[in-house]
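To find a chain, count down the sequence lines: A is the first, B the second, and so on, and within it residues start at 1.
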There are 2 protein chains.
Amino acid sequence: MSFRDFTNQMVSMEEICRDLYRRHRKSIKIKKEEVVIKNLVTIFNATLELSNQKGFHAMSLRDLCRETELSMGALYSYFTSKEELVDIIQNQGRQVVMKVLLEQINRGSTPREKLHIAISTHLYLSEVMKQWFYFSFMETKNLSKDEQRKSIESELFTEKMFIDILEDGNRENCFEVQNSVLTGSLIKAMLQDWYLKRWKYSKRNITVDEYAEFIIRLIETFITPSSNK
Amino acid sequence: MSFRDFTNQMVSMEEICRDLYRRHRKSIKIKKEEVVIKNLVTIFNATLELSNQKGFHAMSLRDLCRETELSMGALYSYFTSKEELVDIIQNQGRQVVMKVLLEQINRGSTPREKLHIAISTHLYLSEVMKQWFYFSFMETKNLSKDEQRKSIESELFTEKMFIDILEDGNRENCFEVQNSVLTGSLIKAMLQDWYLKRWKYSKRNITVDEYAEFIIRLIETFITPSSNK
DNA sequence: GTCTATAGTGCGATAGAC
DNA sequence: GTCTATCGCACTATAGAC
């Protein structure tokens with residue numbers, strides 16, 4: 001699947017917010033669904049934008065009022081504290097990422113196919129949700145201890161996904177991976193660079209499909225048994 | 001050179017601060033060199049520690065007073081504003097990193113040797129100065145536009161160092177690199193992971209020498225001409 | 001050279017009007 | 001459902017005592 005195909009079937013911010021609202025109906029004061037969705041989308045986008053410019057802590061709620069064109073009082077109808085706002089964004093984003101990743105990987109049948117899909121999908125996700133990925137990485141250390149723990153768990157879970165694919169490949173003799181844990185970590189490190197250094201790749205006009213292909217080629221060269229070369 | 005050899009010849013925080021003081025004597029009010037060095041070391045270490053826990057912006061000067069056991073007034077004898085403090089740390093760190101990297105690379109004679117040295121030295125530096133590397137990465141976006149520019153330049157400069165080594169290797173036929181820019185970027189991405197995800201590698205008891213060797217092996221597999229295999 | 005005290009600003013959060 | 005007004009607090013920075 002190319003990036004274009006991926007975006008066409010990817011869920012929109014509206015759908016994500018609608019899902020969020022339906023699961024948290026109790027804690028949001030406003031009752032008209034369409035009003036909630038519209039404002040939630042505005043609030044989340046503005047928060048991601050402002051936080052990625054200056055950091056979540058440095059973003060004041062007055063900044064957020066200006067950007068969303070909502071008043072202080074209106075904002076507080078959608079969350080109960082600034083800290084809850086960051087927690088909601090982190091949790092909802094993680095859930096979407098996990099869901100999409102697992103769905104896509106299950107479409108592959110061989111370890112080689114699964115590896116390609118896992119790498120591409122992770123990159124495509126971080127391209128569609130680039131603001132969220134950057135935000136999630138940069139703000140983790142400012143979360144409560146409990147939310148930090150969830151964030152670390154999620155990092156290790158996606159890494160484990162790669163490690164498992166590599167080890168399956170070893171068992172089926174299509175790969176020859178000597179250190180699957182380190183190899184998995186390095187794959188994640190390279191995927192991460194795509195959203196942490198987005199400015200660099202944009203300036204060089206490197207597309208996400210080119211980047212995906214390149215990483216896949218690098219990793220395949222490393223893990224393909226010499227007899228298959 | 002192993003990590004142990006590297007640490008033995010690496011400059012200490014005292015020397016770094018002494019150098020800093022001698023170049024900025026005018027803007028620091030205190031006149032007794034030994035007092036200045038001692039307090040600067042304390043202030044920088046405390047700033048790195050606190051910032052890496054909660055972010056520089058979230059670290060209040062009262063936090064810094066507590067940690068350094070200096071008063072507000074005393075702190076302001078060493079810098080003129082909170083922003084200047086972050087700028088000094090960023091600039092001094094960058095200078096040390098550049099100096100050490102260039103010194104070490106010039107010791108290598110072949111591209112292959114230079115590549116090994118560049119990768120190891122970058123990792124060793126980020127191990128000795130792990131707090132600074134993490135700080136530098138996380139706080140760049142909170143700097144003034146001018147300091148941000150310097151930070152980006154420095155990132156691109158070290159990346160260029162890798163790209164140049166790869167292209168030298170191409171010319172001398174010891175490497176066969178098809179996309180030196182992307183390859184250089186990915187090397188940087190993997191080096192970066194060592195200090196951004198330090199907790200992960202510590203927990204797994206992976207040493208910096210093991211990590212260096214692994215990256216070198218991965219990259220060499222990718223860029224060694226097939227006729228040499 | 002270091003301290004304490006305080007000025008001045010802007011923050012997160014809420015109550016009550018509309 | 002949204003707004004304005006306001007409270008109490010924590011912040012950076014400085015002035016002047018020791």
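With sequence neighbours left out, B/Y78 forms a ring pair (Phe, Tyr, Trp, His ring centres under 6.0 Å) with no residue at all. By the ring pair (Phe, Tyr, Trp, His ring centres under 6.0 Å) test, A/F133 pairs with A/H122, A/Y195, sequence neighbours left out. The ring pair (Phe, Tyr, Trp, His ring centres under 6.0 Å) search around B/H57 returns A/H57, not counting sequence neighbours. For A/T207, the side-chain contact (heavy atoms from CB on, under 4.5 Å) partners are A/D209, A/E210, not counting sequence neighbours. With sequence neighbours excluded, no residue satisfies ring pair (Phe, Tyr, Trp, His ring centres under 6.0 Å) with B/W132.
Remark: C1' of C/dT4 and CD of B/E69 are 17 Å apart, rounded to the nearest angstrom. Rounded to whole angstrom, the span from the CG atom of B/L64 across to the P atom of C/dC3 amounts to 13 Å. Remark: C1' of D/dG1 and OH of A/Y78 are 7 Å apart, rounded to the nearest angstrom. The nearest whole Å value for the distance from the CG atom in B/N142 to the P atom in D/dT12 is 14 Å.
By the 4.0 Å N-to-carboxylate-O rule, B/K54 lies close enough to B/D63 to be salt-bridged with it.
Sorted by first and then second residue, the salt bridge (charged side-chain N to carboxylate O under 4.0 Å, His left out) pairs involving residues 135-148 of chain A (not counting sequence neighbours) are A/R94-A/E147, A/D146-A/R149, A/E147-A/K150.
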In 5'-to-3' order, the base (B), backbone-only (S) or no-contact (-) status of each nucleotide in nucleotides 11-18 of chain C, using a 4.0 angstrom heavy-atom cut-off, is BBBB----
In a table with atom names and distances, give each donor-acceptor pair under 3.5 Å that connects a side chain of residues 159-166 of chain A to protein atoms at least two apart or in another chain.
| unit_1 | atom_1 | unit_2 | atom_2 | d |
| --- | --- | --- | --- | --- |
| A/E159 | OE1 | B/R204 | NH1 | 3.1 |
| A/E159 | OE1 | B/R204 | NH2 | 2.3 |
| A/E159 | OE2 | A/S185 | OG | 3.2 |
| A/E159 | OE2 | B/K200 | NZ | 2.4 |
| A/K160 | NZ | A/D164 | OD1 | 3.0 |
| A/K160 | NZ | A/D164 | OD2 | 3.2 |

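Scanning residues 20-49 of chain A for heavy-atom distances under 4.0 Å to DNA chain C yields an empty list.
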